[in-house]
Peer 1: 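Below: one structure in structure tokens.
Because only heavy atoms are used, hydrogens play no part in the values below, and waters and symmetry mates are left out as well, while side chains stay in.
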Amino acid sequence: MKRQTAFSKPITAAIVLMLIAITIAGLTASYLITLIRDDVATRLNTALTTSINNVKLSLTNHERNTVYWADNATITQMAYISSKSNKTQLLDDLYRLLDTNLQSIVTKEAYRDYKLFNASGQLLMTGEEGFNQFSPDLNLPQSVINKLETQRVSTMLPFKSPQAWPDDDGERRFQLPTMLIVATISDWFGKTIGYFAFEMDPAIIYTPAFHQNQVGKTGQAYAIDDNGVLLTESKFIAPIYNSGILKTTIPHAELNLIIHDPGENLRLSASDIDIEHQPLTLMAKSLTQHQSGINLNGYRDYRGVNVIGSWHWDEQLGMGIVTETEVSEVYELYRSLLVSVIVSIIIIILVTLVSIYFYRRSTQQQIASLQHRDAIINQTDDGFVTINKKGIITMVNPALCRLFLYDEAELIDQSVSILVDIDQRALHDEFLHHSTEHEAKIIHRTRSLTAVRKDGSHIPIELNVTPMTFGKHTFYIGVIRDISERFLYQQQLIEAKKQAEHGNHAKSDFLAKMSHELRTPLNAVIGFSQILKLDTLTDTQHESVRMIEDAGNHLLTLINDVLDLSRIESGHLSVSIENVEIQPLIEHILPLVTTQLKPLNLTLDVSYPDRCETLMVQADFLRLKQVLLNLLSNAIKYNRPYGHIHILISKTDERVKIAIKDTGMGIEKSLQSRLFSPFDRLDKETSGIQGTGIGLSISHELIKMMNGRFGLDSQPEVGSTFWLELDRSAQDTVSQAQSYDELSGDDQPQQRRKISVLCIEDNPTNLRLMKQFFEHQTRFELQTAENAELGLEIAYQYEPDIVLMDINLPGMDGYEAIKKMKQSAVTRNIKLIAISANAMPTDIEKGIAAGFDRYLTKPVNFQYLLEAIYQLLNEDINNDIH
């Protein structure tokens, strides 16, 4: 009895726990040593792998650069001429033509120089000295030429340069480490006619790759060849000279240091050692045999310092890469960590002992809390069920019994699968048998399930499972809630959403298809009418052509309005807010509506405020133009004969107001509330005036999207005033005319070259339309193709300035064609304009993302087409307007 009392005291328990802590610390130390070695190995291998990958990535970029310039037409021509003749003057001219571009690459990439070799590997030209003016000679080794017979590009290992280059101190020295990246130059038949190379300091590639991936402060990474010669910079250049491994007359260690084991630590010894007769280090000996390895026990490096390391012989690089760290640094860190772990274990045990001391004081409070919790569980409306790990019910509350129509005695000691549908019980039991595998999916997660009552009826429930441990036994508490009403409501919402999405998707598909099908014939109607207007016609013929074009444009407007309305309703329409000049915009719009004034003999004037030439608003230029054109069109259509239209612009410090006032019949007060409803024409359907009733609705929404206000003042028999307000921009502008004058100066126009255009279009009517249009444009030379395959052949052969391409082509479509053009060096820089009847925003976004420089929709507006061509070619369209 006294022994039990003694062991129940905290101090006795502390002694026992301390003995346990010492035992645990010993086991932990042994285990930690194993972990340390594994961690060190991982860190060394990771640093080594990262260094190798960084070197390969950097070399790959430089090799691509070399191949790119080896394919340069001028370099190919120089190599070809050198192989056929000795036209020194011509080669010098080509050299001067090429040198400017190559010198910029040399500077940008920090190359030392570029070189040209003939097919035998003899040096023909250098960037510094040109053709046949260099000394000494530097020819390609036969081993490199042999390697280039089977691969396009090769990187030579660092070697001592016979040419003088600036050292770190800026003084030019011979025998500095250098390297060449060499690529073959081939003629049109694939025959090698020479080699092009960039010469560079190896430190540019190897120093960042190695010095950024070192383990610890004393870590270093470097490369050696299969003779044990150091190929890259050493981190310990000063200690190398101090130890006498190298003489101070040698300016650098790379290519001058063989990785010998001195037999002792040269940092501590002042004795003279014949390094040349010492064996290679453990690592270097392994790499000379093209073997990879790792050593965690320690070996001497070329300084005689005890290090651990990992090394790898890379056949692709033709060198061995090694990363090493001094043993003293690595294991000192982990010895400190081991002590910290042991101390931490002891502290945790002492804290646990204090917790035990207070445990008995809190026991009664916990019991009271459990009783309180049980009372809550029995009184709550949610069902509670407790099961053991085998799925047997051990406790239920009254709410669960009421929910499932069972008595408590009928559920206790039964499998919980009794609450599951009979067809699912076997699967549920199997699930419980493997419950530990599924805990992550069900523990502390609220799930919706279907349960079965005693009478066989099904009920939707919400279940949340929480684990609970009593002693050595684990139980699971399930909280069950009846969600019948919510489930019914959710099903109704899901069904309503499906129907709405189906209807919206069907509408979008219908609009997209109808837009495509209508734009294709409209392209011919509007396009040929534009071309006919360029010919000499009688007044009657000209009027007929104008009516055809007006009717086509009216139909196109209706299509665009319906698409805009659909985008607004779906929330897919966006605006681009910018600074828009008011006066140039109004002056741009007026000619577009002037011809519409004649049928009713209307007059139109504009009132500007003071200093309007610098007045700007925050708006989307195209959408604001669309709104103003719509309001002016309505003011014309619904006006009286010999009526008047007045555009009034006014301003405040923060806003600009544009009002369009007409002398029409006005709008009744009772009808004004319907004004912005789509397709509501206010009972004007039989008036004979064209319209759909959606223009004002679109205009109203567009102004709202531009953070503006839109309104109406109307009196029957007097007229209507539609107005809009937009935020004013504080930025003053210089007039466009002035800007053009400043840019143009007094320069006289120069002789303008022909512009070659390739049109790829499978529709014969549309192709004929393009041919007729470009026949009227003397500046252009047009070629055509009826499919993408033929178009690509023409593009490869003639390299046109502009390619006009339809998207929906037979066989290879427009997207496949542009992909092939972008992959070819011949065609990747040709400007591409898509001309398609696919006019939905997603179609346009997809086209631009695929690489088209412009995306024009059918019907083609030839003025827009010309503007797009001239913009892409950076030319002024005004110089070609006749």
Peer 1: Could you list the donor-acceptor pairs under 3.5 angstrom formed by side chains in residues 821-829, with sequence neighbours left out?
Peer 2:
unit_1, atom_1, unit_2, atom_2, d
Lys822, NZ, Arg828, O, 3.4
Ser824, OG, Val826, N, 3.2
Thr827, OG1, Met821, O, 2.7

Peer 1: What distance separates Leu48 CG from Arg43 CZ, expressed to the nearest 0.5 Å?
Peer 2: 14.5 Å
Peer 1: Examine the side chains of Gln220 and Thr323 and answer whether a donor and an acceptor come within less than 3.5 Å of each other.
Peer 2: no
Peer 1: Could you tell me whether the side chains of Thr178 and Arg112 share a donor-acceptor contact shorter than 3.5 Å?
Peer 2: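 Yes, a side-chain donor-acceptor pair sits under 3.5 Å.
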Peer 1: Determine all donor-acceptor pairs shorter than 3.5 Å in which one atom belongs to a side chain in residues 307-315; sequence neighbours excluded.
Peer 2:
unit_1, atom_1, unit_2, atom_2, d
Ser310, OG, Asn45, OD1, 2.7
Trp311, NE1, Ser286, OG, 3.0
His312, ND1, Ser292, OG, 3.0
Trp313, NE1, His290, ND1, 3.4
Trp313, NE1, Glu315, OE2, 3.1
Asp314, OD1, Gln316, N, 2.9
Asp314, OD1, Leu317, N, 2.9
Asp314, OD2, Lys56, NZ, 2.8

Peer 1: Is there a donor-acceptor contact under 3.5 Å from the side chain of Asp167 to the main chain of Gly170?
Peer 2: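 Not at all, since once roles are kept as given, no pair shorter than 3.5 Å links the two residues.
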Peer 1: Verify, without hydrogens or angle tests, whether Asp39 (side chain) and Thr42 (backbone) share a donor-acceptor contact under 3.5 angstrom.
Peer 2: no
Peer 1: Say you draw a straight line from OG1 of Thr184 to CZ of Arg152; how long is it, rounded to the nearest 0.5 Å?
Peer 2: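 So the OG1 of Thr184 and the CZ of Arg152 are separated by 4.0 Å.
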Peer 1: Might you work through the side-chain contact (heavy atoms from CB on, under 4.5 Å) test for Tyr855 and Ile835, ending with a clear yes or no?
Peer 2: CA-CA 6 Å; Tyr855 192 106; Ile835 299 180; over 6 Å; no
Peer 1: Scan side-chain atoms only and decide if Asn256 and Lys160 contain a donor-acceptor pair under the 3.5 Å cut-off.
Peer 2: yes
Peer 1: Can we say Glu171 and Arg173 salt-bridge, meaning some charged N sits less than 4.0 Å from an Asp/Glu carboxylate O?
Peer 2: yes
Peer 1: Does Glu254 reach the main-chain N or O of Pro177 with its side chain, forming a donor-acceptor pair under 3.5 Å?
Peer 2: no
Peer 1: Would you name the heavy atoms of Ala209 and Val55 that are closest together and state the gap between them?
Peer 2: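 That would be CB-CG2, 3.5 Å.
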Peer 1: Would you say the side chain of Val144 lies within less than 4.5 Å of the side chain of Asn146, judging by non-hydrogen atoms?
Peer 2: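 No, every pair of side-chain atoms sits at 4.5 Å or beyond.
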Peer 1: Does any donor atom in the side chain of Gln122 or Tyr195 lie under 3.5 Å from an acceptor atom in the other side chain?
Peer 2: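 Their side chains do not contain a donor-acceptor pair, so the 3.5 Å distance test is not met.
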Peer 1: Can a salt bridge be assigned to the pair Arg303 and Glu326 using a cut-off of 4.0 Å between side-chain N and carboxylate O?
Peer 2: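 Yes, Arg303 and Glu326 are salt-bridged.
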Peer 1: Are any side-chain N or O atoms of Asp261 and backbone N or O atoms of Arg300, one a donor and one an acceptor, separated by less than 3.5 Å?
Peer 2: no
Peer 1: Is the shortest side-chain heavy-atom distance between Ile830 and Asp801 below 4.5 Å?
Peer 2: no
Peer 1: Is there a donor in the side chain of Lys235 and an acceptor in the side chain of Gln214, or the other way round, less than 3.5 Å apart?
Peer 2: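 Yes, because at least one side-chain N or O of Lys235 sits under 3.5 Å from a partner of the opposite role on Gln214.
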Peer 1: Kindly indicate whether the side chain of Ile760, heavy atoms from C-beta on, has any atom under 4.5 Å from the side chain of Asn787.
Peer 2: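 A side-chain contact is absent here, since even the closest heavy-atom pair is not under 4.5 Å.
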Peer 1: Looking at CG of Asn265 and CG of Asp301, how far apart are the two atoms once the value is rounded to the nearest 0.5 Å?
Peer 2: 8.5 Å
Peer 1: Should Leu116 and Thr126 count as side-chain neighbours, where that means a heavy-atom distance under 4.5 Å?
Peer 2: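 Not touching, per the 4.5 Å side-chain cut-off.
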Peer 1: Using the test ring-ring contact (aromatic ring centres under 6.0 Å, His included), find all partners of Tyr114 that sit at least two apart in sequence or belong to another chain.
Peer 2: none
Peer 1: Kindly indicate, with the supporting measurements, whether the criterion side-chain contact (heavy atoms from CB on, under 4.5 Å) is fulfilled by His260 and Thr281.
Peer 2: CA-CA 5 Å; His260 289 294; Thr281 66; 6.0 Å; no
Peer 1: Any chance you could lay out the side-chain hydrogen bond (donor to acceptor under 3.5 Å, both in side chains) test for Tyr299 and Glu324, step after step, and finish with the verdict?
Peer 2: CA-CA 10 Å; Tyr299 60 92; Glu324 296 174 334; 2.7 Å; yes
Peer 1: Between Thr325 (side chain) and Val215 (backbone), is there a donor-acceptor pair under 3.5 Å?
Peer 2: yes
Peer 1: Side chains of Ile75 and Leu94, heavy atoms from C-beta outward: is any pair under 4.5 Å?
Peer 2: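 A side-chain contact under 4.5 Å is absent here.
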Peer 1: Under a 4.0 Å threshold between the charged nitrogen and the carboxylate oxygen, would Asp93 count as salt-bridged to Arg96?
Peer 2: yes
Peer 1: If you compare all heavy atoms of Arg854 against all heavy atoms of Ala868, which two are closest, and at what distance to 0.1 Å?
Peer 2: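 Answer, listing the atom of Arg854 first, then Ala868: CG-CB, 4.1 Å.
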Peer 1: Is there a donor-acceptor pair under 3.5 Å between the side chain of Thr207 and the backbone N or O of Ile204?
Peer 2: no
Peer 1: Establish, from distance only, whether the side-chain atoms of Tyr111 and Asn65 form a donor-acceptor pair under 3.5 Å.
Peer 2: yes
Peer 1: Measure across Ile818 and Phe852 and return the closest heavy-atom pair with its distance rounded to 0.1 Å.
Peer 2: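 Nearest heavy atoms, Ile818 then Phe852: CD1-N, 3.4 Å.
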Peer 1: Is a side-chain N or O of Arg172 found less than 3.5 angstrom from the main chain of Ala164, in a donor-acceptor match?
Peer 2: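 Such a contact is found between Arg172 side chain and Ala164 backbone.
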Peer 1: Would you say the side-chain atoms of Thr288 pair up with the backbone N or O of Asn227, donor to acceptor, closer than 3.5 Å?
Peer 2: no
Peer 1: Write out all pairs satisfying side chain to side chain donor-acceptor pair (under 3.5 Å) with one or both partners inside residues 809-819, taking only residues at least two apart or from two chains.
Peer 2: none
Peer 1: Could you measure the distance from the OG atom of Ser104 to the CG atom of Asp99? Nearest 0.5 Å is fine.
Peer 2: 9.5 Å
Peer 1: Look at the side chain of Gln151 and the backbone N and O of Val153, then say whether any donor-acceptor pair between them is shorter than 3.5 Å.
Peer 2: yes
Peer 1: Flag the pair Lys831 / Val803 as yes when at least one side-chain heavy-atom distance between them is below 4.5 Å, and no otherwise.
Peer 2: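 Lys831 vs Val803: side chains apart.
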Peer 1: What is the minimum heavy-atom distance between Glu789 and Pro810, and which atoms define it?
Peer 2: OE1-O, 4.3 Å
Peer 1: Going through the checks in order, is the ring-ring contact (aromatic ring centres under 6.0 Å, His included) test met by Tyr798 and Tyr796?
Peer 2: CA-CA 6 Å; Tyr798 294 101; Tyr796 292 147; over 10 Å; no
Peer 1: Can you pull the side chain to side chain donor-acceptor pair (under 3.5 Å) pairs that have at least one residue in residues 46-55, sequence neighbours excluded?
Peer 2: none
Peer 1: Answer yes or no: is there a side-chain heavy-atom contact under 4.5 Å between Ile181 and Met200?
Peer 2: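 With C-beta onward as the side chain, the pair touches.
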Peer 1: Are there more than 12 heavy atoms of other residues, nucleotides or ligands under 6.0 Å from atom OH of Tyr241?
Peer 2: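 Buried by this count: over 12 neighbours within 6.0 Å.
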Peer 1: For atom CD of Gln289, is the number of surrounding heavy atoms from other residues, nucleotides or ligands below 6.0 Å larger than 12?
Peer 2: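 Yes, enclosed.
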Peer 1: So does Lys191 get a backbone contact from the side chain of Asp187, meaning a donor-acceptor N/O pair under 3.5 Å?
Peer 2: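 Yes: the side chain of Asp187 pairs with the backbone of Lys191.
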Peer 1: Provide the closest heavy-atom pair for Val229 versus Leu255 in the form atom of the first, atom of the second, distance.
Peer 2: CG1-CA, 3.8 Å
Peer 1: If the threshold is 4.0 Å, N to carboxylate O, is there a salt bridge linking Lys115 and Glu199?
Peer 2: yes
Peer 1: To the nearest 0.5 angstrom, please state how far the NE2 atom of His252 sits from the CD1 atom of Ile250.
Peer 2: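 One finds 8.5 Å between NE2 of His252 and CD1 of Ile250.
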Peer 1: Do any pairs count as a ring pair (Phe, Tyr, Trp, His ring centres under 6.0 Å) and have a residue in residues 200-240, sequence neighbours left out, and if so which ones?
Peer 2: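 Non-adjacent pairs meeting ring pair (Phe, Tyr, Trp, His ring centres under 6.0 Å): Tyr206-Phe210, Tyr222-Tyr302.
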Peer 1: Could you tell me which non-hydrogen atom of Thr66 sits nearest to which non-hydrogen atom of Ala183, and how far apart they are?
Peer 2: CG2-CB, 3.7 Å
Peer 1: Scan side-chain atoms only and decide if Ser756 and Glu781 contain a donor-acceptor pair under the 3.5 Å cut-off.
Peer 2: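 Glu781 and Ser756 do not have a side-chain donor-acceptor pair below 3.5 Å.
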Peer 1: Would you mind reporting whether Gln783 and Leu758 have side-chain heavy atoms less than 4.5 Å apart?
Peer 2: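 Result yes, sub-4.5 Å side-chain heavy-atom pair found.
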Peer 1: Calculate, to the nearest 0.5 Å, the distance between atoms CG and CD1 belonging to Leu230 and Ile258 respectively.
Peer 2: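 Spacing of CG (Leu230) from CD1 (Ile258) equals 10.5 Å.
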